[in-house]
Amino acid sequence: MKLDKMIGDRFKERPSDCAIESHALMVRGGYMKSVANGIYSQFPPLKRITAKIEKIIREEMDALDGQEVLFPVALPGSLWEESGRFESVGSELLRFKDRNNAQMVLGMTHEEAAVHLVREYANSYTKYPFMIYQVQTKFRDEARPRAGMIRVREFTMKDAYSFHTSQEDLEKYYDRMYKAYQRIFARAGIPEVAVVASDSGMMGGSLSHEYMLLTPVGEDTIVLCDECDYRANMEAAESIIENKDQKLEKAELKLVDTPNQHTIEEVCDYLHLPVENSMKAVVYQKNEDDSYVVLFIRGDLEANETKITNYLGAAIHPAVITEDCGLHAGFIGAYQLPEGITVLYDNSLKGIENLCCGGNEIDKHYVGLNMERDVPDAVYGDFAKAIDGGICPCCGKPKLKIARGIEVGNIFQLGTKYTKAMHMTYLDKNGEAQYPVMGCYGIGVGRLAASICEAHHDEYGPIWPLSIAPYQVQICAVNPGKDNVGEVCEKLYADLQAAGIEVLYDDRGEKAGSMFSDADLLGIPFRLVVSPKTLADGQAEFKLRGSRDAERIAVEEAIPLLKRKIEAENAKYL
């Protein structure tokens, strides 16, 4: 490809609406253009990158005996009604009616379509196990798209679905997919991706893992242990709190005045109490009936809404506390709480012998609350977010740390959630009907490209790994009209193409500074610079993207050198 013919402009100024570096660089470098909020068109460089990512994914899926299929983007709502997700999934699912007034949805995930495709075919145990996958456009009506391709509304995704006759067989295949994902990310240039346990969310199932690229700009919170291999998404991370060192001795329960003191910090400061000896109330309402749910938790901790939702088996939202509900915002406590309210107690309250909590009256708080004595019927659970320096659930040491990450892939053990709901069965060896066991496995292609850019860039532009770079080498012709530079570059361009090397040739005759700036924004791994100065010695300048150093090589050695470097890189994954 010659650069003067490639559509898309590159420019120096950072766009004002780009919050993270990868987004800014991919806009500046002519990779993408916004069409609507969270919806982008791809220019040729990004299309070439995503095509290479898809090729890596297909190779790894095919190696697992995967069979590529293609599901529709627009699906009948009746399929989602079969699974129960038409109503249970929120406004992220785009629902619409066609000209015949039939309810339709845009697929944001394709479990229903996968079951629909194979439920008549896979009617005998002899046809199991098998895996199908697709690379397809999806639409999720994301409320807050951000960070360019990292959180979008329309996206391309590889989603795979495996079907098994037993949980044991699913677990064996899940392990193979687990390792295949690690190979995919290594081949794409981010072997540092961490695997974390996660919450299955709307997907359902018993076990799931996310593949996280750790970066300060990540939208997910990850809990890691410095002492062992424990990794978990904050939504799924266990919170372990030990209240061994009591800061306050036992005392009698007293109701005291706390005028206009609403927050935990205000109350503890007013009463001169450590925040670890306070109990706060976090109030929600169930979406289904607006009934109240009150979580009591140690005052210095945060509630984990995913854990609460999973425990209740119901979606929740922050409560609107009305005058007639019996609760007083800022003064809600566990002692003599009004009846008819779902009450949860976090494990962090165990063993504390002297607590401060709301008095269930305006401007009143209790002090001296002893859970064992004053709330003997409390049943505890894990409803808190893990904390930095917390106790690791794996090794038991207080070595947890909190990090940020971008989710680049996920895998789920779905079990029979969808096959049962959609009445998919097969006959086993005894002729008895059974429900197949499913797994599902996803990778967002555009998000992966953006994440790789976030992991591999400098102040000048992306540094694309060779395996997914839009081109393998870029020729920069400095003063192509002088001293035979243009002719030499044209021959190099033709010879590189003949050798099967992907080459971008900047033949525009731009000033060197502008040419190199564009080359940095394109991030191509290898660069050959030909100028009157280098040709005076029969040489070209060879440089790696991201390196300050360059070396002179004979022009006739350029192609053998590039072949060796490309072969060495490709050999890593053979």
Side-chain angles (χ1 to χ4, degrees), residues 60-72 75-89 93 105 107-134 136 138 157-181 197-210 236 309-311 313-314 409-443:
E60 293 294 342
M61 293 300 98
D62 292 346
L64 295 180
D65 302 317
Q67 301 177 68
E68 186 168 4
V69 298
L70 189 64
F71 302 123
L75 296 162
S78 57
L79 275 184
W80 284 64
E81 287 171 348
E82 281 189 62
S83 70
R85 291 203 298 178
F86 186 81
E87 296 295 339
S88 66
V89 175
L93 177 65
V105 302
M108 56 189 287
T109 180
H110 279 77
E111 285 75 15
E112 289 84 357
V115 171
H116 175 267
L117 182 69
V118 299
R119 63 180 164 187
E120 285 82 22
Y121 158 78
N123 56 9
S124 167
Y125 75 95
T126 60
K127 296 181 178 180
Y128 292 82
F130 61 90
M131 184 268 277
I132 55 177
Y133 75 94
Q134 67 165 349
Q136 173 63 295
K138 296 178 183 288
M157 188 172 182
K158 184 283 300 179
D159 48 323
Y161 306 92
S162 63
F163 294 79
H164 310 266
T165 57
S166 69
Q167 177 65 24
E168 181 184 13
D169 191 58
L170 168 61
E171 289 172 2
K172 289 179 181 178
Y173 195 82
Y174 188 87
D175 184 61
R176 292 178 65 196
M177 187 68 75
Y178 183 102
K179 294 171 182 174
Y181 266 44
S198 64
D199 178 74
S200 296
M202 74 165 188
M203 305 297 292
S206 58
L207 182 66
S208 60
H209 289 86
E210 294 171 341
T309 298
N310 290 343
Y311 179 83
N410 52 53
I411 57 178
F412 298 86
Q413 291 186 19
L414 296 177
T416 58
K417 172 181 170 68
Y418 295 93
T419 53
K420 269 188 179 180
M422 298 181 70
H423 308 293
M424 177 181 176
T425 61
Y426 68 91
L427 296 180
D428 65 14
K429 291 180 179 180
N430 300 317
E432 296 182 1
Q434 305 288 347
Y435 294 110
V437 181
M438 284 180 68
C440 78
Y441 321 91
I443 293 177

Do the side chain of Asp428 and the main chain of Asn430 share a donor and acceptor less than 3.5 angstrom apart? yes
Donor-acceptor under 3.5 Å (Thr419 side chain, Tyr435 main chain) | no
Minimal heavy-atom distance between Ser83 and Ala421, with the atoms involved, is CA-CB, 3.9 Å
TODO: Classify the ring geometry between Tyr121 and Phe130 as parallel (under 30°), tilted (30 to 60°) or perpendicular (over 60°).
DONE: perpendicular
Only one of Tyr174, Tyr441, Tyr128, Tyr173 passes side-chain hydrogen bond (donor to acceptor under 3.5 Å, both in side chains) with Ser162, and that residue is Tyr441
For Met422 and Arg119, the nearest pair of non-hydrogen atoms, with its separation, is O-NH1, 2.8 Å
Quiz item: Is the closest basic N to carboxylate O distance between Glu60 and Lys158 below 4.0 Å?
Solution: no
Quiz item: Does His116 NE2 have over 12 foreign heavy atoms under 6.0 Å away?
Solution: no
Taking every heavy atom of Ser208 against every heavy atom of Phe412, the minimum-distance pair comes out as CB-CD2, 3.3 Å
Gly77 and Phe86 have their tightest heavy-atom pair at O-CD1, 3.9 Å
Worksheet item: Is Glu111 paired with Arg85 through a side-chain N to carboxylate O contact shorter than 4.0 Å?
Response: yes
Between Leu170 and Met438 the two heavy atoms that sit nearest each other are CD2-O, 3.5 Å
Nearest heavy-atom approach of Pro436 to Thr416 is O-CG2, 3.4 Å
Residues at least two apart in sequence or cross-chain that pass side-chain contact (heavy atoms from CB on, under 4.5 Å) with Glu120, listed by chain then number, are none
| said: Under a 3.5 Å distance rule, please check whether Tyr161 uses its side chain to pair with a backbone N or O of His110 as donor and acceptor. | reply: yes
Residues passing the side-chain hydrogen bond (donor to acceptor under 3.5 Å, both in side chains) test with Ser78, sequence neighbours excluded, are none
Within the supplied structure, the quantity of interest is the number of heavy atoms (other residues, nucleotides, ligands) at a distance under 6.0 Å from Lys127 NZ; does it exceed 12? yes
key: Side-chain (Tyr181) to main-chain (Gly442) donor-acceptor, under 3.5 angstrom   = yes
Does any N or O in the side chain of Gln136 come within less than 3.5 Å of the main-chain N or O of Phe71, such that one atom is a donor and the other an acceptor? yes
d(Leu207 CG, Gln413 CD) to nearest 0.5 Å is 4.5 Å
